[in-house]
Each structure stands twice: as C-alpha cells, then as structure tokens.
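Everything below concerns the one structure shown next.
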Number of protein chains: 2
Amino acid sequence: MATEDDVLALDNQLCFALYAANRAVTARYRPLLKEIGLTYPQYLVMLVLWQADQDGKTVRVSDLGKRLRLDSGTLTPLLKRLADRDLVTRQRDTADERVVTISSTEKGNALRRQAREIPGRLLCGTGISEQRRVALRDELRSVLSLLETRGEPSGR
Amino acid sequence: MATEDDVLALDNQLCFALYAANRAVTARYRPLLKEIGLTYPQYLVMLVLWQADQDGKTVRVSDLGKRLRLDSGTLTPLLKRLADRDLVTRQRDTADERVVTISSTEKGNALRRQAREIPGRLLCGTGISEQRRVALRDELRSVLSLLETRGEPSGR
DNA sequence: CATAATTATATTGTGCACAATATATATAAC
DNA sequence: GTTATATATATTGTGCACAATATAATTATG
C-alpha cells in the first residue's frame with residue numbers, strides 16, 4: 001500500500017543511488033590506489049596531468065578546476081600534498097603572476113604505467129560487462145551535462 | 001588516433017562520470033535543503049528516520065550505518081549536530097547500554113512536510129524524464145548491489 | 001564465574017568539498 | 001595614468017568520509 005510519503009522513500013531516490021554507487025566505486029578504487037600511494041581525488045588530478053603531458057599542453061590550477069569541477073579550496077591543499085611528495089611541480093607564471101602551472105614530475109609520470117592496470121581490475125569479478133559500463137557512463141555524462149547547462153532548480 | 005593510455009582518459013572512466021554526476025546532484029540539492037536547514041547527508045539520515053517513524057520502527061546508529069553505508073565516525077558527529085538543533089534525540093538503550101537509539105523529534109518531523117516538495121523540484125527544468133530517472137536509479141542500484149556482493153577487486 | 005571474543009558506539013586524525021573571504025595581479029574605462 | 005572591475009589563486013572554517021583505535025558492554029567458552 002503506497003503512502004503519501006513514498007516520494008521521500010530512500011530507495012525511490014536517484015540521488016541516494018548515485019551517492020551510494022559513487023562511494024562504492026571509490027571504495028573499490030581505494031586499495032588499488034593505495035598501491036601507488038594516491039587518494040581518489042589525487043588520482044583524478046594525475047589523470048588530467050598525464051593526459052596534458054601526453055598532449056604537450058600546460059595545465060593551470062583553474063584548468064584542473066574546470067575539468068574536475070573542483071575549486072581552489074579543494075585543489076590548493078591537494079596539489080601541495082602532491083608537490084610535497086615530488087609527484088607534481090607548482091610554478092607561478094612569470095608573465096601573469098596570478099597563474100600557477102601544475103606539471104607531473106618524472107616521479108609522477110612513473111606512476112602512470114602502474115595506474116594503467118587499475119581500470120581493468122576495478123570491475124573485474126563483478127559481472128558488469130563492458131557494454132553496461134559504457135552505457136552507464138554515457139548516461140551519467142548526459143545527465144551531468146543537462147544538470148550543468150539547465151540553470152538553477154526552479155520551484156520558487 | 002587512439003593512444004596506449006586511452007584507458008586512463010578521464011572521459012572514458014565510469015568512476016569520474018559517477019563522481020561528477022553525484023556532486024552535480026548534491027549541488028542542486030544544496031539550495032533546496034538550505035531552505036529547511038539540512039545538509040545532504042543530514043537529509044538522508046532524516047529520510048531514514050521519517051520512514052521508520054511512519055513504520056513504527058526504532059532506529060539504532062548501526063541501522064543508519066547499514067542503510068546509508070556510513071560508519072560511526074561519520075554518523076556520531078552528524079547526529080550530535082542534529083540533536084543540538086533538537087531535530088533528533090539520541091537515547092542510550094537501558095537494556096543494552098552499547099546501543100544508541102535515534103528518533104526524529106516533533107521539530108524534525110515538521111520538516112518532512114516541507115521536504116516532500118524537494119524531490120519534485122530537483123530535476124525540474126532539466127529535461128530529464130521520470131522514465132529516465134527511474135531507469136538510471138535502477139541501474140545504479142543494480143551496480144551497487146553487484147559491487148557490494150561480489151567481494152574484493154581482484155588482480156593480485 | 002572468570003576470561004576471551006564479539007558487538008556497538010565514540011574518538012582521533014587525515015583528506016576532501018565547498019562557502020566565504022582575502023590578496024594580488026591584470027585589464028578596462030575614464 | 002588613476003580608478004574600477006574582473007581574474008586567479010590562497011586562506012579559513014564547517015561538515016562530511018573513512019581508517020585506526022579506544023571504550024564499554026554483552027555473549028560465548030572453558
């Protein structure tokens with residue numbers, strides 16, 4: 001028998017499914033990333049830096065922010081921790097002193113080879129097919145795009 | 001031209017799509033929840049408590065942990081903040097003194113009526129249909145279930 | 001019933017997220 | 001060129017997440 005408050009039932013909500021699935025995936029990453037000494041957000045930053053290194057592009061803090069949807073309050077301390085471990089360099093631009101350019105070091109690039117094993121190992125043994133993974137990823141990307149382009153939630 | 005490191009391309013990864021979509025959804029919740037003075041994790045806790053209240057069930061800290069996949073390190077301070085604001089009560093069980101039972105107060109229940117408006121407002125204006133929302137939710141629930149039942153990531 | 005093992009919650013410490021604000025530099029308007 | 005505005009990063013403070021450990025109470029074992 002449906003009650004008036006079914007709209008508030010936890011299991012009916014997209015948001016909780018998303019929240020729980022996201023944490024389950026990052027929890028699954030955690031032991032794999034620990035092998036190369038990275039947290040999950042640090043791993044995402046290194047993915048961007050590795051790709052930029054490959055493409056011969058430079059990456060500013062604001063580029064990381066746009067790509068990962070993170071602000072300086074998150075990135076600045078995270079990047080300092082990576083710099084403390086010599087995985088990245090932080091260099092203030094001489095032409096425009098507001099800008100800080102981030103690069104992966106040799107040591108940071110050395111992790112890339114090990115990291116390549118990780119995506120394949122992640123869903124291994126879960127019975128989630130590549131087709132299903134790609135379909136879910138694309139649907140999430142599409143939803144993200146709609147959420148980001150369609151302005152504020154209405155109702156006011 | 002595909003490179004060797006496409007497996008590490010940010011946009012190819014399910015995990016990043018999940019991470020970004022989750023944060024976009026909670027960001028969309030934020031202003032709505034602010035109207036009733038809750039953070040997103042606090043809202044999830046209240047959803048569980050409201051549902052239990054309706055069903056005449058009692059909720060222990062460990063029940064919240066199982067349902068929301070959160071541990072006491074997250075829940076204890078969160079529940080204290082809710083208790084400080086008289087939205088919940090924390091009562092140590094007299095029969096088994098290890099147990100703490102959490103209940104929504106009158107004041108906490110009063111928020112439920114306002115909260116019922118929120119799910120409907122959330123995706124409003126995004127062009128995401130109810131059918132699509134339900135399909136994505138169910139796929140995420142299915143993936144979560146597989147991640148939680150299929151043991152550790154292999155590769156060792 | 002004494003002791004070991006288990007269970008339930010709490011505490012501490014680290015690392016995100018994000019709002020709000022600060023600081024410094026650069027560009028635009030006059 | 002001086003002032004106003006915008007841009008880029010940093011800082012501070014709050015609230016999760018989660019690992020590791022602690023504490024206390026319960027149950028199981030001998």
Side-chain angles (χ1 to χ4, degrees), chain A residues 15-16 19-31 33-34 37-46 58-85 87-88 90-102, chain B residues 15-16 19-31 33-34 37-46 58-85 87-88 90-102:
Chain A
C15 67
F16 178 64
Y19 172 79
N22 177 51
R23 287 195 301 121
V25 168
T26 59
R28 213 173 169 87
Y29 263 104
R30 205 167 294 120
L33 290 175
K34 194 173 186 180
L38 294 177
T39 66
Y40 180 69
Q42 289 169 2
Y43 171 67
L44 293 180
V45 166
M46 295 308 297
T58 62
V59 177
R60 314 189 305 177
V61 174
S62 56
D63 295 328
L64 288 170
K66 282 192 203 87
R67 195 85 173 83
L68 302 175
R69 279 81 169 171
L70 294 170
D71 73 5
S72 67
T74 302
L75 288 172
T76 297
L78 185 157
L79 293 169
K80 282 183 178 172
R81 282 186 284 271
L82 291 178
D84 286 346
R85 297 168 50 208
L87 297 175
V88 308
R90 290 156 30 83
Q91 200 156 6
R92 198 164 285 273
D93 192 312
T94 49
D96 184 342
E97 295 225 344
R98 294 170 306 179
V99 172
V100 172
T101 300
I102 308 295
Chain B
C15 68
F16 178 64
Y19 171 79
N22 177 51
R23 287 195 301 121
V25 168
T26 60
R28 212 173 170 87
Y29 262 105
R30 205 167 295 120
L33 291 175
K34 194 173 186 179
L38 295 176
T39 65
Y40 180 70
Q42 289 169 3
Y43 170 68
L44 294 180
V45 166
M46 294 309 296
T58 62
V59 177
R60 313 188 306 178
V61 174
S62 57
D63 295 328
L64 288 171
K66 281 191 202 89
R67 195 85 174 83
L68 301 176
R69 279 81 171 172
L70 294 171
D71 72 6
S72 67
T74 302
L75 288 172
T76 297
L78 185 157
L79 293 169
K80 283 183 178 172
R81 282 186 284 271
L82 291 177
D84 287 345
R85 297 169 50 208
L87 297 175
V88 308
R90 291 157 29 84
Q91 200 156 6
R92 200 163 282 276
D93 192 312
T94 49
D96 184 342
E97 296 222 344
R98 294 170 305 179
V99 172
V100 172
T101 300
I102 308 294

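Every chain is numbered from 1, with letters handed out A, B, ... down the list of sequences.
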Donor-acceptor pairs under 3.5 angstrom involving side-chain atoms of residues 71-82 of chain A: please list them, not counting sequence neighbours.
| unit_1 | atom_1 | unit_2 | atom_2 | d |
| --- | --- | --- | --- | --- |
| A:Asp71 | OD1 | A:Gly73 | N | 3.1 |
| A:Asp71 | OD1 | A:Thr74 | N | 3.2 |
| A:Thr76 | OG1 | A:Ser72 | O | 3.0 |

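Of all nucleotides in DNA chain C having an atom under 4.0 Å from a heavy atom of chain A, the first and last in 5' to 3' order are C:dG15 to C:dA26.
Taking all atoms of both residues into account, the shortest heavy-atom contact from B:Tyr19 to A:Leu70 is OH-CD2, 3.6 Å.
The CZ atom of A:Arg90 sits 10 Å away from the P atom of D:dT9 (whole-angstrom rounding). What separates CG of A:Leu64 from C1' of D:dT9 is a distance of 12 Å, to the nearest Å.
In terms of position along DNA chain D, the nucleotide closest to A:Val99 lies nearer the 5' end than the nucleotide closest to the other residue of the pair A:Lys34 and A:Val99. In terms of position along DNA chain C, the nucleotide closest to A:Tyr40 lies nearer the 5' end than the nucleotide closest to the other residue of the pair B:Arg30 and A:Tyr40. With DNA chain C read from its 5' end, the first of the two nearest nucleotides for A:Asp96 and B:Val100 is the one closest to B:Val100.
Residues satisfying the ring pair (Phe, Tyr, Trp, His ring centres under 6.0 Å) criterion with A:Tyr43, sequence neighbours excluded, are A:Tyr29. Residues passing the salt bridge (Lys or Arg N to Asp or Glu O under 4.0 Å) test with B:Arg23, sequence neighbours excluded: none. Residues satisfying the salt bridge (Lys or Arg N to Asp or Glu O under 4.0 Å) criterion with A:Arg92, sequence neighbours excluded, are absent altogether. Judged as a ring pair (Phe, Tyr, Trp, His ring centres under 6.0 Å), and not counting sequence neighbours, A:Phe16 has no contacts. Every residue meeting the side-chain contact (heavy atoms from CB on, under 4.5 Å) condition with B:Ala83, not counting sequence neighbours, appears here in chain and number order: B:Val88, B:Arg90. Judged as a side-chain contact (heavy atoms from CB on, under 4.5 Å), and not counting sequence neighbours, the contacts of B:Asp93 are B:Ala95, B:Val99.
Scanning residues 68-79 of chain A for heavy-atom distances under 4.0 Å to DNA chain D yields A:Ser72, A:Gly73, A:Thr76.
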